[in-house]
Structures are given as structure tokens and as C-alpha cells.
Amino acid sequence: MNPFAAALLAWFDEHGRKDLPWQHPRDAYRVWLSEVMLQQTQVVTVIPYFQRFVAALPGLRDLAVADEDTVLALWSGLGYYRRARFLQRAAQICMEKHHGELPRDFDALADLPGIGRSTAGAILAQAYGLRFPILDGNVKRVLTRYLGIHGHPGQSAVEKVLWQHADALTPAQRTADYTQAIMDLGATLCVRSKPLCENCPLSAGCVARRDGLTAQLPSAKPTKAVPTRDTVMLILRDAKGRVLLERRGEQGVWSGLWSLPEARDQDHAWRAAQSFASIDDAQALPSFVHVFSHYRLKVEPLLFDGATAQQRIADNPTLRWCNPDERAALGLPAPVRTLLQQL
DNA sequence: AAACCGGGGGA
DNA sequence: TCCCCAGGTTT
């Protein structure tokens, strides 16, 4: 057996979790259920949900014939309810196509909804002791650190390398214990921040530990270059100091908020401004950039002072002239509020 | 405020 | 094949 697996198993014998509810009794249905729950939630949270679930639906057949509402009620509080539906659909498929049992065949297992490569491997290893690797978030963290693998684990090239190592390191003996051990290590010692390397059975051979890179690995998700969009914001101000606001649509950013009328360039801005009010002068204010999660918005504010309102605006429910007090009571995007306060 | 997470599904 | 998303928790 390779030294990595041997050290991990020795640690597991002394410190691993051997009393989890899905380990006693250990069957494929219970392992499957626990793995799906653990995809989204930590062990301590999962335990009461798991116990309630198997008390109500102790076997695959019970799950297959249960009301969908019952299944969702048992899942209630865990989030990702789509997975509860996948779970039940998979159980129904097993009743129809696999004699009421989870298949022992990897491809048949991974074909079921909600079961991918890692969950299929976990079920085969934990329930049947077959030698299949797993690669969940814990394992990715342990392997990137131990082997010093750089690059975001979500990138396909990195993930491919990780699967190769996961496979190579998985021993043919005690596969179920090994699988539990590497997940336990990632969950208890090799945690995301401030790992407890002093207690780790793998620290002697760990590249990240040796090179002081535990805080750098696994590599963070690359911050993708976000596109920049340009917009001109029209500040139409009348003699009383009121500013024209426009309510944004339901789609897109700032939906339903009151904001400034916008145009895609200065030319369109002029034309738009004249449709709203009688205009004779404009002043370009300093542009600024507002950062969203998915794009950057470069705003060029254009101030039209001394505007005289067109009468028809009074009838338009998405346009209104507002003084500062009225603006305070409306929902405005933060950068727009800041911009208007600086006038 | 942002990262995280296994699998599904759309680009 | 790549990339984004869900939806609640952790940092």
C-alpha cells in the first residue's frame, strides 16, 4: 500500500469517525442518502436530518413510493430541494430498472439523477468496498496541498489531474475506511483556513506544509475579467432643484429601483433629455466606475440644469420629479444616491 | 461581501 | 467540453 494511504488509515484507526449514523448499519441506500445530504451541508448538520429521513423512509422502496411532499418535508431546511427530487426519481428508476436496489455498476450508478462521478465512487467504496476514488471538496483540498497542485480545482485541467492522483492513491484494501479517512481529514484537520498541520499524519510529506503554501492552496477561483459597459446618466434638474427619476424595469440590475434616465452615448443623451424637458445646456460631470459581480459599469453623468418639465411626465408612472426629501424615501441604487448627494 | 460546493444543463 | 447556477453556511 502506498505511504499516503497507509498513514491516513493509521490516523483513521485512532481518530477517524466510526460512529456516524450511516455507518451503522451501512447499506447502499443509507450511504447514498448521506452522500447527497453531505454534498451541500456539514456532518453535524446532516446527522439529525439523516436520522429523521431514514426513520420515515428506511429503504429505497419507501422513498420511491412516498409522496413528493413527504420527501420535501423531510428535506426542508437543507436547501437545494432539486436534489431531493433527484433522489426520489433515482429511487423510482432503481425500482423499475435495477430490481429495487442501487446498482453496483459504476456507469449505471452515475446515470442516475443526482449521482455524478464522485458520489458514485463514494457509494461503491463505502457500501461495497469496491476500489473507486472520490473527489469532493475535502479531497481536493487535501490533494492540492499534499501534492502542491496549483490552479483552481474547478478548472477542468486541474480537476483532471486531481482525479488521476485520487485514483492512484486509493488503496485496494480497506477502501471504505480510506474514503472516510480522507474526507474526515479534510473536514477536521486540513480545513480551508488555519489547518491543524501539527496534528496531521501527512505533514511530513506535504508540499504545501514544506513550502509554506497552505494559505495559497487550493488556489482561489480566478477572478474572471469582467466586461465593462458604458452608460450616460442624465441628471435633469429644474429650477426648484428637483431631479427627474425613472423607475427601472423588472429585468436586469437594480430592478424596480428609482434611478436616473440613461442613454448609451452623449448623442442619445441629448435627444432623450429633450424629450423629457426643455433643455439648453449640459455639463459633463466626472465619470466613475461601479463594480458588479459580473460586470463593471462606467458611468458618465451629464447634468442638464434649468430644465423645464414637459407636462406629460406628470401622467407617467415610471417618471417623477423628486426633491432631495422625496428621494430619501425611495429605493435608489447606491451609486446613484451618492452621485446626487454630490451635486 | 464573497467563497464554497457536486451535479445538471445550456452555450 | 466549458461554464454557470443553486441556496444556505462559513469566513
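A note on names: the letters A, B, ... follow the listed sequences, proteins ahead of strands, and every chain is numbered from 1. Side chains are part of it too, since the values below use all heavy atoms of this structure and drop only hydrogens, waters and symmetry mates.
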Where do N or O atoms of nucleotides 8-11 of chain B meet protein N or O atoms at under 3.5 Å, pair by pair?
unit_1: dG8(B); atom_1: OP1; unit_2: Gly114(A); atom_2: N; d: 2.4

inquiry  = From the set dT10(C), dG7(B), dA6(C), return the single nucleotide nearest to any side-chain atom of Tyr80(A).
reply    =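 Minimum distance to the Tyr80(A) side chain belongs to dA6(C).
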
Rounding to a whole Å, what distance do you find between [X]:[atom1] and [N]:[atom2]?
X: Tyr81(A); N: dC5(C); atom1: OH; atom2: C1'; answer: 17 Å
X: Leu78(A); N: dG7(B); atom1: CG; atom2: P; answer: 17 Å
X: Met37(A); N: dT9(C); atom1: CE; atom2: C1'; answer: 17 Å
X: Leu162(A); N: dC5(B); atom1: CG; atom2: C1'; answer: 15 Å
X: Lys221(A); N: dT10(C); atom1: NZ; atom2: P; answer: 20 Å
X: Glu159(A); N: dC3(C); atom1: CD; atom2: C1'; answer: 12 Å
X: Leu38(A); N: dT10(C); atom1: CG; atom2: P; answer: 14 Å
X: Trp75(A); N: dG8(C); atom1: CH2; atom2: P; answer: 13 Å

Euclidean distance for P, dT9(C) against dG8(B) (whole angstrom) =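 23 Å, rounded to whole Å.
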
ask   = Do the side chain of Glu101(A) and the main chain of Cys94(A) share a donor and acceptor less than 3.5 angstrom apart?
value =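 No; judged by distance alone, with no hydrogens or angles, the pair does not exist.
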
query = Is the backbone of Leu38(A) close enough, under 3.5 Å, to the side chain of Thr41(A) for a donor and an acceptor to pair up by distance?
reply =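 Here the side-chain-to-backbone pair does not exist.
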
ask   = Do the charged groups of Arg237(A) and Asp305(A) touch, with an N to O distance under 4.0 Å?
value =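 Salt bridge: yes.
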
ask   = Got a sec: does the CZ of Arg17(A) have more than 12 other heavy atoms crowding it under 6.0 Å?
value =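 Enclosed.
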
Heavy atoms of other groups near Lys97(A) NZ, more than 12 under 6.0 Å =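 No.
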
query = Which residues in residues 134-158 of chain A have at least one heavy atom lying under 4.0 Å from any atom of DNA chain B?
reply =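 Per residue number, the list reads Asp136(A), Gly137(A), Arg141(A).
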
query = So which one's nearest nucleotide on DNA chain B is more toward 5', Ser219(A) or Arg117(A)?
reply =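 Here Ser219(A) is the residue nearer the 5' end.
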
inquiry  = Is there a side-chain contact between Trp258(A) and Arg327(A) in this structure, where contact means two heavy atoms from C-beta onward sitting under 4.5 Å apart?
reply    =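 No - every pair of side-chain heavy atoms lies 4.5 Å or more apart.
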
query = So do Asn138(A) and Ile182(A) actually touch side chain to side chain, heavy atoms under 4.5 Å?
reply =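 No, too far: nothing below the 4.5 Å cut-off.
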
task = Determine the contact category for Gln39(A): base if any of its heavy atoms lies under 4.0 Å from a base atom, sugar-phosphate if only primed atoms, P, OP1 or OP2 are that close, otherwise nothing.
result =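 Sugar-phosphate: the residue Gln39(A), judged by heavy atoms under 4.0 Å, touches backbone atoms but no base.
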
task = Have a look at Gln42(A) and say if it touches a base, only the backbone sugar-phosphate, or nothing, with a 4.0 Å heavy-atom cut-off.
result =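 The answer is sugar-phosphate, as Gln42(A) gets under 4.0 Å only of primed atoms, P, OP1 or OP2.
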
key: Residue closer to the 5' end of DNA chain C, Arg192(A) versus Gly77(A) (nearest nucleotide)   =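 Between the two, 5'-proximity favours Gly77(A).
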
query = Relative to the 5' end of DNA chain C, which residue comes earlier, Gln40(A) or Ser193(A), by the nucleotide with the nearest heavy atom?
reply =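 Going by which nucleotide is closer to the 5' end, it is Gln40(A).
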
inquiry  = Let me check I have this right: for DNA chain B, each base becomes ., (, ), [, ] or |, based on Watson-Crick or G-U pairs with both distances under 3.5 Å. What is the full string?
reply    = |||||.|||||

ask   = Do you know which of Leu244(A), Leu285(A), Val336(A) makes side chain to side chain contact (heavy atoms under 4.5 Å, CB included) with Ile235(A)?
value =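 Only one of Leu244(A), Leu285(A), Val336(A) forms a side chain to side chain contact (heavy atoms under 4.5 Å, CB included) with Ile235(A), namely Leu285(A).
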
Which distance, rounded to the nearest 0.5 Å, do you find between the [atom1] of [X] and the [atom2] of [Y]?
X: Gln164(A); Y: Leu169(A); atom1: CD; atom2: CG; answer: 11.5 Å
X: Leu109(A); Y: Ile115(A); atom1: CG; atom2: CD1; answer: 4.5 Å
X: His152(A); Y: Glu159(A); atom1: NE2; atom2: CD; answer: 9.0 Å

ask   = Should the pair Phe53(A) and Trp75(A) be assigned to parallel (<30°), tilted (30 to 60°) or perpendicular (>60°) ring geometry?
value =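 Ring orientation of Phe53(A) relative to Trp75(A): perpendicular.
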
